[in-house]
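Below, chains carry the letters A, B, ... as their sequence lines are ordered, and counting in each starts from 1.
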Amino acid sequence: MDELDKMIWQTVDAIPYGQVMTYGQIAISCGYPGYARYVGTVLKKLPPDTHLPWHRVVNAQGRSSFPEGSEKYREQLQRLLAENIVVNNGKIALSVYQYQ
DNA sequence: AGTCTGACGGGAT
DNA sequence: TATCCCGCCAGAC
């Protein structure tokens with residue numbers, strides 16, 4: 001799955017500022033439908049100091065997949081807000097911010 | 001080989 | 001809208 005890992009990195013790296021993509025959507029665009037969970041495991045392996053915009057990846061419900069209240073959860077929302085993305089009660093309007 | 005664990009998703013209720 | 005439940009898939013044991 002090393003090739004897939006690279007494709008996922010590239011896909012995430014290509015998400016424009018101010019927009020987001022879902023795990024499942026990334027898996028599909030990489031040619032691996034059904035690999036949403038794997039996208040998550042790949043992002044989890046990223047080094048803490050990565051430059052990849054991992055915060056632009058949310059789940060199909062338009063929410064952060066980190067436990068509410070956790071450090072990562074707050075960091076992701078903070079980064080999204082910094083990109084002028086509106087977050088209502090932890091929810092992001094995919095109809096507005098999802099990158100196609 | 002069997003079981004459990006996730007940064008998941010979708011359908012049923 | 002909110003749970004709940006089940007299918008999904010690689011990886012760690």
Side-chain angles (χ1 to χ4, degrees):
Chain A
M1 291 289 105
D2 217 53
E3 274 306 306
L4 177 54
D5 284 32
K6 294 177 184 176
M7 291 197 280
I8 291 174
W9 296 337
Q10 292 171 32
T11 302
V12 172
D13 197 44
I15 305 175
Y17 173 100
Q19 296 201 258
V20 302
M21 276 183 93
T22 67
Y23 296 89
Q25 182 189 3
I26 291 172
I28 291 173
S29 81
C30 284
Y32 283 78
Y35 277 64
R37 286 194 98 114
Y38 189 69
V39 171
T41 53
V42 169
L43 293 187
K44 188 174 185 178
K45 291 186 290 185
L46 292 174
D49 61 342
T50 181
H51 60 82
L52 263 70
W54 55 269
H55 58 284
R56 294 178 189 151
V57 183
V58 297
N59 61 35
Q61 288 71 56
R63 306 164 77 35
S64 166
S65 282
F66 288 109
E68 226 176 297
S70 70
E71 187 49 47
K72 285 294 188 179
Y73 177 85
R74 285 192 295 272
E75 182 180 355
Q76 179 166 29
L77 267 54
Q78 169 272 311
R79 290 200 187 196
L80 292 176
L81 288 170
E83 298 190 359
N84 302 311
I85 292 178
V86 177
V87 183
N88 288 317
N89 294 86
K91 298 171 295 186
I92 295 166
L94 294 179
S95 58
V96 176
Y97 304 103
Q98 181 167 41
Y99 178 51
Q100 295 303 325

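The CG atom of Asp2(A) sits 13 Å away from the C1' atom of dA10(C) (whole-angstrom rounding). For Ile26(A) and dC9(C), the CD1 to P distance is 18 Å, given to the nearest whole Å. Rounded to an integer number of Å, the gap from Leu43(A) CG to dA10(C) C1' is 14 Å. Between Met1(A) atom CE and dC9(C) atom C1' the separation is 10 Å, expressed in whole Å. With rounding to whole Å, Asn88(A) atom CG is found 15 Å from dT1(C) atom C1'. What separates CG of Leu4(A) from P of dC9(C) is a distance of 13 Å, to the nearest Å. As a whole-Å value, the separation of Lys72(A) NZ from dG6(B) P is 17 Å. Atoms OH (Tyr32(A)) and P (dA10(C)) sit 10 Å apart, rounded to a whole Å.
Listed by chain and number, the residues in a ring-ring contact (aromatic ring centres under 6.0 Å, His included) with Tyr35(A) are Tyr32(A) (sequence neighbours excluded).
Taking OG from Ser65(A) and CZ from Arg37(A), the interatomic distance works out to 10.0 Å, rounded to the nearest 0.5 Å.
Here the side chain of Arg56(A) pairs no donor or acceptor atom with the backbone of Val12(A) at under 3.5 angstrom.
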Q.
Each nucleotide in nucleotides 8-13 of chain B should get exactly one letter: B, S or -. Can you fill that in based on protein heavy atoms under 4.0 Å?
A. BSS---
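Ion pairing between a basic and an acidic side chain is recognised when a charged N comes within 4.0 Å of a carboxylate O; Glu75(A) and Arg79(A) show such pairing.
Closest-nucleotide positions on DNA chain C for Lys91(A) and Pro33(A) were compared, and the one nearer the 5' end corresponds to Lys91(A).
Minimum heavy-atom separation, Trp54(A) to Leu46(A): CB-CD1, 4.3 Å.
The same ILVMFWY cluster, assembled from side-chain heavy atoms under 4.5 Å apart, contains both Tyr73(A) and Leu80(A).
In this structure, Phe66(A) reaches the bases: a heavy-atom distance under 4.0 Å links it to at least one base atom across the strands shown.
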